[in-house]
Amino acid sequence: MTSMSRARVARRIAAGAAYGGGGIGLAGAATVGLVLAEVQLARRRVSNGTSPHVPQADGLYGRMYAGPAGAPLRLTMLGDSTAAGQGVHRGGQTPGALLASGLAALAERPVELRTVATPGACSDDLDRQVALVLAAPDPVPDICVIMVGANDVTHRMPATRSVRHLASAVRRLRTAGAEVVVGTCPDLGTIEPVRQPLRWLARRASRQLAAAQTIGVVEQGGRTVSLGDLLGPEFAENPRELFGPDSYHPSAEGYATAAMAVLPTVCASLGLWPAEEERPDASRREGFLPVARAAAEAASEAGTEVAAAMPSGPRGPWALLKRRRRRRVPEQEPAPATPTN
């Protein structure tokens with residue numbers, strides 16, 4: 001599917017989500033039914049009936065910056081197993097811990113991490129997760145990171161419904177005062193037990209949803225980072241390194257790669273990224289595009305950020321597409337602290 005075709009599909013899905021339209025299929029209902037059967041079979045094959053393992057990562061990171069630096073920044077992770085860190089064995093290997101460590105180092109402030117993400121969650125669970133975040137006695141998080149979408153594809157959730165729930169979550173968090181960064185739907189076509197031609201169909205469905213998610217998120221004031229290719233070429237070339245023991249969830253190295261892709265956008269949303277890197281760089285094919293076109297391009301390249309840029313024009317809302325340089329984030333176990341949830 002070309003970038004322009006993907007943009008048209010994403011625009012239709014996002015419009016249906018915004019105006020309460022019916023379920024627009026992801027690559028067709030029959031296709032997704034096949035993808036569902038194959039991926040669920042793969043999950044049963046690799047899980048061996050074991051229960052999900054999600055290490056505890058909540059707590060305070062960057063304690064060495066406590067004091068003059070000010071109150072800790074508050075980071076909250078929402079979404080599914082990818083946001084929770086299922087598949088690794090230590091809290092410091094989860095994406096939340098890696099992001100908290102990197103953010104603390106770059107901001108030179110402590111970071112308080114809280115995780116409400118739930119393995120197996122679809123986008124409709126974000127309503128519950130956001131309620132937990134906003135009902136907490138603590139102040140509203142400074143930054144919320146959402147990773148969601150894979151289970152929406154495998155559970156055949158209509159794309160319009162999926163995007164509607166995600167956009168609602170972003171709107172509620174932004175209204176409460178939190179910055180929001182969304183890691184869009186990863187590429188399910190890279191799960192090892194999934195065979196061709198379903199591998200191609202799963203990739204197509206994943207990218208359609210990722211592009212539609214981007215439109216919905218940007219229109220509500222959030223930013224997105226594409227995770228599609230993150231589970232694409234790098235995972236295909238190094239499956240034993242970037243997938244965990246179950247061949248379904250990322251390994252510690254895979255989560256570190258995801259954190260490196262998301263961290264620059266997290267920092268930029270908080271005003272912590274170097275000012276010179278906020279200007280679009282033509283040599284990296286960055287610039288201002290209609291949001292649907294930006295969303296389609298981002299869905300094909302991991303680490304690509306899309307953020308609202310200017311008011312709507314004749315071609316609809318516009319967005320800034322950025323391909324930020326990735327920086328390695330340190331793995332760090334949290335110092336002993338009372339969990340925030």
If you round to the nearest 0.5 Å, how far is [atom2] of [Y] from [atom1] of [X]?
| X | Y | atom1 | atom2 | value |
| --- | --- | --- | --- | --- |
| Thr76 | Leu173 | OG1 | CG | 8.5 Å |
| Arg293 | Trp318 | CZ | CH2 | 8.0 Å |
| Asp127 | Arg164 | CG | CZ | 11.0 Å |
| Arg223 | Ile143 | CZ | CD1 | 8.5 Å |
| Glu301 | Arg285 | CD | CZ | 5.0 Å |
| His155 | Cys122 | NE2 | SG | 5.0 Å |

Stepwise side-chain contact (heavy atoms from CB on, under 4.5 Å) test for Gln213 and Ile215: CA-CA 6 Å; Gln213 286 177 317; Ile215 296 175; over 6 Å; no
[X] side chain vs [Y] backbone, donor-acceptor pair below 3.5 Å:
| X | Y | value |
| --- | --- | --- |
| Gln93 | Arg90 | yes |
| Thr214 | Ala210 | yes |
| Arg109 | Ala71 | yes |
| Tyr65 | Ala107 | no |
| Ser101 | Leu98 | no |
| Lys322 | Thr265 | no |
| Glu286 | Arg323 | yes |
| Thr94 | Ala97 | yes |
| Asp58 | Thr115 | yes |
| Gln220 | Gly216 | no |

Sequence neighbours left out, what pairs pass side chain to side chain donor-acceptor pair (under 3.5 Å) with at least one residue falling in residues 170-185? none
Step by step, would you call Val116 with Val133 a side-chain contact (heavy atoms from CB on, under 4.5 Å)? CA-CA 8 Å; Val116 297; Val133 173; 3.9 Å; yes
Looking only at non-hydrogen atoms, find the nearest pair between [X] and [Y] and report the distance.
| X | Y | value |
| --- | --- | --- |
| Gly91 | Ala57 | O-CB, 3.5 Å |
| Val148 | Asp80 | CA-OD2, 3.5 Å |
| Leu113 | Gly96 | CD2-C, 3.5 Å |
| Cys267 | Leu103 | SG-CD1, 4.0 Å |
| Gly120 | Asn151 | C-ND2, 3.3 Å |
| Gly85 | Pro95 | CA-CD, 3.7 Å |

Would a hydrophobic clustering, with Ile, Leu, Val, Met, Phe, Trp and Tyr connected at side-chain separations under 4.5 Å, put [X] with [Y]?
| X | Y | answer |
| --- | --- | --- |
| Leu321 | Val217 | no |
| Trp273 | Leu75 | yes |
| Leu73 | Val140 | no |
| Leu106 | Leu270 | yes |
| Leu289 | Val218 | no |

Less than 4.5 Å apart, side chain to side chain, heavy atoms only: is that true for [X] and [Y]?
| X | Y | answer |
| --- | --- | --- |
| Ser162 | Leu166 | no |
| Asp152 | His165 | no |
| Val54 | Ser81 | no |
| Leu320 | Val306 | no |
| Pro110 | Tyr61 | no |
| Val153 | Cys185 | yes |
| Leu60 | Pro72 | yes |

Might you work through the salt bridge (charged side-chain N to carboxylate O under 4.0 Å, His left out) test for Glu112 and Arg74, ending with a clear yes or no? CA-CA 5 Å; Glu112 186 74 33; Arg74 290 180 170 83; over 6 Å; no
Met77 vs Leu99, test: side-chain contact (heavy atoms from CB on, under 4.5 Å). Steps then yes/no. CA-CA 10 Å; Met77 301 293 296; Leu99 286 172; 4.1 Å; yes
Pairing of Asp124 and Arg161 as salt bridge, 4.0 angstrom limit: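 Salt bridge between Asp124 and Arg161, a charged N being under 4.0 Å from a carboxylate O: yes.
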Who are the salt bridge (Lys or Arg N to Asp or Glu O under 4.0 Å) partners of Asp142, not counting sequence neighbours?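 Partners of Asp142 under the salt bridge (Lys or Arg N to Asp or Glu O under 4.0 Å) test: none.
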Pair Val225, Val182 - check side-chain contact (heavy atoms from CB on, under 4.5 Å), show working. CA-CA 6 Å; Val225 179; Val182 175; over 6 Å; no
